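Chain naming here is simple, since letters A, B, ... match the order of the sequence lines and numbering starts at 1 in each. Owing to the predicted nature of the structure, the values given are computational and were not obtained by experimental measurement.
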Protein chains: 2
Amino acid sequence: MNLNIMSAAISAIQPFEAQAQIFKVLSHPARIAILEILRDGEECVCHMEAYLGLRQAYISQQLAVLRESGIIQDRRDGWNIFYRVTDPRIFEVLDVVQRITGIEVPDVHQAGFHCTCPRCMTEQQVTNEEG
Amino acid sequence: MNLNIMSAAISAIQPFEAQAQIFKVLSHPARIAILEILRDGEECVCHMEAYLGLRQAYISQQLAVLRESGIIQDRRDGWNIFYRVTDPRIFEVLDVVQRITGIEVPDVHQAGFHCTCPRCMTEQQVTNEEG
DNA sequence: TAATGATATTCATGAATTTGAATATTATGT
DNA sequence: ACATAATATTCAAATTCATGAATATCATTA
């Protein structure tokens, strides 16, 4: 098999595999958008559907990629599953690359949608009662 | 075609395309290794061959990906082509992700190889004369 | 335990990426 | 012009990725 022929190359590149893996997970606009949604703390999947206007199954697939990489973690609360970022330094990565591109990132929470999860309903109720 | 059905989704994700593109380019260990080689300034391709122990054609392919993305630029000097990083902030990105992984990045310049490009030959000559 | 809401998984297909092999290009020296 | 050194490009096969459709799971409520 002559595996040893490439041993120098493999060992030279192998230490960068872990970094490359993180970059691969980040190399999809929907996954970046999801992380932006999680910037201010944990959110349930229904929020992501509402904010992004994407089908549930699609979002769930992208969540699976993020989850399996360890970048996000999930927590079940009744019917809803809440996701949060494991290591907030991932936002530093997004920040730097955002500065490099120079493209303004939209506020993913400004979409004006509302989902029907308990937390949203409570928030709406509170807002209505307050206003 | 019903293109408008997905318009909300497309517009929600589209602003992150540029970031995703950069991450995609970085999502390969050989390309990260090349950038590490360029950390201290421009280097010729022969250096990368020497340091990484990879075939020339392979390195050239990865250089093309980096070059076409705009992350690196090239400059010809006689027989050799020297590459340099366009925006040093790309190293901030590598730094943060490196901290997240916690994996020590090897010094890609410690390999002890020497190529036969004019600069290497001059350096060797100078070193020998100095020592 | 059956129905329902929220979310996840499986499957299939087309598109993109990886990477080795061969070949081309470009500049230099004779 | 020709040979050579340094680097780039093309091509093709294998693998991986993106994504839509359908279905499954898991917790809750009746």
Open item on the list: What is the distance, to the nearest angstrom, from the CD atom on B/E68 to the C1' atom on C/dT17?
Closed with: 13 Å
Open item on the list: Assess, by modelled atom type and distance only, whether the side chains of B/Y83 and B/R75 contain a donor and an acceptor separated by less than 3.5 Å.
Closed with: no
Open item on the list: So if I take every side-chain heavy atom of B/H28 and compare against D/dT9, C/dT18, C/dA8, which nucleotide ends up nearest?
Closed with: C/dT18
Task: Distance below 4.0 Å between A/K24 side-chain N/O and D/dC17 OP1 or OP2 - done: yes
TODO: Please state how far atom CD in A/Q62 lies from atom C1' in D/dC17, giving the value in whole angstrom units.
DONE: 10 Å
Open item on the list: Rounded to whole Å, please give me the gap between CD in A/E49 and C1' in C/dA6.
Closed with: 8 Å
TODO: Could you check A/Q56 against B/Y58 and say which one's nearest nucleotide on DNA chain C is further toward the 5' end?
DONE: A/Q56
- [ ] Can you figure out which of D/dG20, D/dT19, C/dT7 approaches the side chain of A/R55 most closely?
- [x] D/dG20
- [ ] Could you tell me whether the side chain of A/Q61 has a donor or acceptor atom within less than 3.5 Å of a complementary atom in the base of C/dA8?
- [x] no
Open item on the list: In this structure, how many angstroms lie between the C1' atom of D/dG20 and the CG atom of A/L54, rounded?
Closed with: 13 Å
- [ ] Grab the CZ-C1' distance between A/F16 and C/dT18 for me, whole Å please.
- [x] 19 Å
Open item on the list: Counting only side-chain nitrogens and oxygens, does A/R76 get under 4.0 Å of the OP1 or OP2 atom of C/dA6?
Closed with: no
TODO: Tell me which of A/R67 and A/W79 sits closer to the 5' end of DNA chain C, going by the nucleotide each one is nearest to.
DONE: A/W79
- [ ] Take atom CG of B/D74 and atom P of D/dA8, then tell me their distance rounded to the nearest Å.
- [x] 7 Å
TODO: Would you kindly give the CD1-to-P distance between A/I34 and C/dT7, to the nearest whole Å?
DONE: 12 Å
Task: For atom CD1 of A/I81 and atom P of D/dC26, their distance in whole Å - done: 10 Å
TODO: Could you tell me whether the phosphate oxygens of D/dA5, OP1 or OP2, come under 4.0 Å of any side-chain nitrogen or oxygen in B/N80?
DONE: no
Open item on the list: Does C/dT18 have OP1 or OP2 under 4.0 Å away from a side-chain N or O of B/R31?
Closed with: yes
